[in-house]
Amino acid sequence: MAAIVPQSQEIINLTSTNPSSTINHHLFLAILNQSISSFLERFHAGYFRISLALGGQTLLWKSLLEPTRTSSNPFLSHVLDKLHHPIFLMVLWSFSLFILIIFSLLYMLKCLFYFDKVKAEFLHHIGVNYLFAPWISWLLLLQSTPFVPPRTAPYLILWWVFAVPVVVLDIKIYGQWFTQGKRFQLTAVANPTSQLSVIGNLVSAQAAMQTGWKESAVCLFSLGMVHYLVLFVTLYQRLSGSDVLPSLLTPVFFLFFAAPSVASLAWDSIVGNFDIASKMLFFLSLFLFASLVCRPSLFKKAMRNFSVVWWSYSFPVTVLAIASTEYAQEVKGGVADAMVLILSLMSFLVTLVLSVLTLLKANILLLPATADNDTALSTANVVAYQNNSLPTTG
């Protein structure tokens, strides 16, 4: 990346040999290149929280707007009828795809110019879990795409492209727990973000069922659920070493109810109906959701300054809302429909508010931190924590 960013001495030489307009032009390019370079250096896989949220939102609206979906709630039926237009879902899906492509290209550039930073993230016990986020985002958009029908060759190829990296990361993380000694034990590195590996397996299983590959879906589901049980017990008991999350990252606690929500949807896809097992997982999600929202003080420090970590709230609420739509279709009742309305509205409002805040405070996320920008420094500290500040696990 050194070739992209001119040195200060070169800029000084330009100022002494070129007209003022050329000088201004070169200075502008230098500053722009430095800003891009700085942003690429600071960009990390945690930014894919945004694409996760948008992908989940797309899948939620696809589920709500399915022609076969019925509701006993007149208000909900009226709202869905008004929104039932192919353009609405197409625009939302296209916007989500655009954001995901931009983020993917940025991360590819970081891999090219700052491979040492990517390696540090890969070896970090928190950062490595967010490497699942891009692939989960792609799988969510694959399930909600209006352009590629399931059980077609393009769909199958895309599933392989997005699911194989999830399995490769599984082998790295889960194999490390089994074989690398005390320093790499689950009790030493487990944290709420570890559940992203579970979610990756479950989303892959759900997408596999759309291709008709039930055996692959069952395989991925079993792999995810076995490790979810181990993770849940480890985190629930707060075994030695498992409480390693700083207060600025407490919004990721919402992943506690995201995992069982996705599990209920994956099992629903495998068996073809929202049976007792799916309902049990859904009720567990509701309980964990209620347990967290009743403790706002837990998130007090994280909410002082805006950062990309706030996007951790959106995806879990969205997948819980999706699970509620499947539950409502199975039980057919006013309470279930009310739950769908409340959770879907909550998911939409959370995503909307975060989108507006991201637009209003884009300078915090895009520009380098400066000494007179406390909020930017706070955000940079979160990035530094995820990438470098703690000892790596490899």
Practice prompt. Run through the side-chain heavy atoms of Ile, Leu, Val, Met, Phe, Trp and Tyr, join any pair under 4.5 Å, and report what else lands in M280's cluster.
Written response: I276
Worksheet item: Which word best sums up how the rings of F232 and Y236 line up, parallel for under 30°, tilted for 30 to 60°, or perpendicular for over 60°?
Response: parallel
Discussion item. Centroid separation under 6.0 Å, is that true for the rings of Y174 and H227?
Written reply: yes
Practice prompt. Sort and list the pairs that fulfil side chain to side chain donor-acceptor pair (under 3.5 Å) and have at least one residue in residues 91-102, not counting sequence neighbours.
Written response: T58-S96
Worksheet item: Quick one: does V309's side chain get under 4.5 Å of L248's, heavy atoms only?
Response: no
Discussion item. Side chains of L286 and M339, heavy atoms from C-beta outward: is any pair under 4.5 Å?
Written reply: yes
Practice prompt. Flag the pair F95 / F98 as yes when their ring centroid distance falls below 6.0 Å, and as no otherwise.
Written response: no
Discussion item. With rounding to the nearest 0.5 angstrom, report the OG to CG distance, S194 to L235.
Written reply: 6.5 Å
Discussion item. Is the terminal nitrogen or CZ of R49 (NZ for Lys, CZ for Arg) located under 6.0 angstrom from the six-membered ring centre of F315 and within 45° of that ring's axis?
Written reply: no
Worksheet item: Between M225 and L202, is any pair of side-chain heavy atoms under 4.5 Å apart?
Response: yes
List the atom pairs, donor and acceptor, that lie under 3.5 Å between side-chain atoms in residues 287-303 and the rest of the protein, sequence neighbours left out.
residue	atom	partner	partner atom	Å
S291	OG	F287	O	2.8
R295	NH1	S291	O	2.7

Fill in: Modelled atom types, side-chain donor and acceptor of E121 and Y114, under 3.5 Å
no
Worksheet entry | Nearest non-hydrogen partners of A323 and F282, listed with the distance | CB-CD1, 3.7 Å
Discussion item. Less than 3.5 Å apart, any donor N or O on the side chain of Q210 or S269 sitting next to an acceptor on the other?
Written reply: no
Discussion item. Show me the pairs that pass side chain to side chain donor-acceptor pair (under 3.5 Å) and involve residues 248-259, at least two apart or across chains.
Written reply: none
Worksheet item: Do Y327 and F283 have ring centroids that are under 6.0 Å from one another?
Response: yes
Worksheet item: Does V226 belong to the same Ile/Leu/Val/Met/Phe/Trp/Tyr cluster as F132, with side-chain heavy atoms less than 4.5 Å apart forming each link?
Response: no
Discussion item. Less than 3.5 Å apart, any donor N or O on the side chain of T358 or W310 sitting next to an acceptor on the other?
Written reply: no
Worksheet item: Is it true that the NZ or CZ of K172 lies under 6.0 Å from the centre of F122's six-membered ring and within 45 degrees of the ring axis?
Response: yes
Side-chain polar contacts of residues 156-168 - donor-acceptor pairs under 3.5 angstrom, sequence neighbours left out - could you list them?
residue	atom	partner	partner atom	Å
W159	NE1	S204	O	3.1

Discussion item. I'd like to check L64 versus V340 (side-chain heavy atoms, cut-off strictly below 4.5 Å). Are they in contact?
Written reply: yes
Worksheet item: side chain to side chain donor-acceptor pair (under 3.5 Å): which pairs involve residues 252-268, sequence neighbours left out?
Response: S261-S285, W267-D275
Worksheet item: With respect to Q206, which candidate in L265, L220, L139 satisfies the side-chain contact (heavy atoms from CB on, under 4.5 Å) definition?
Response: L265
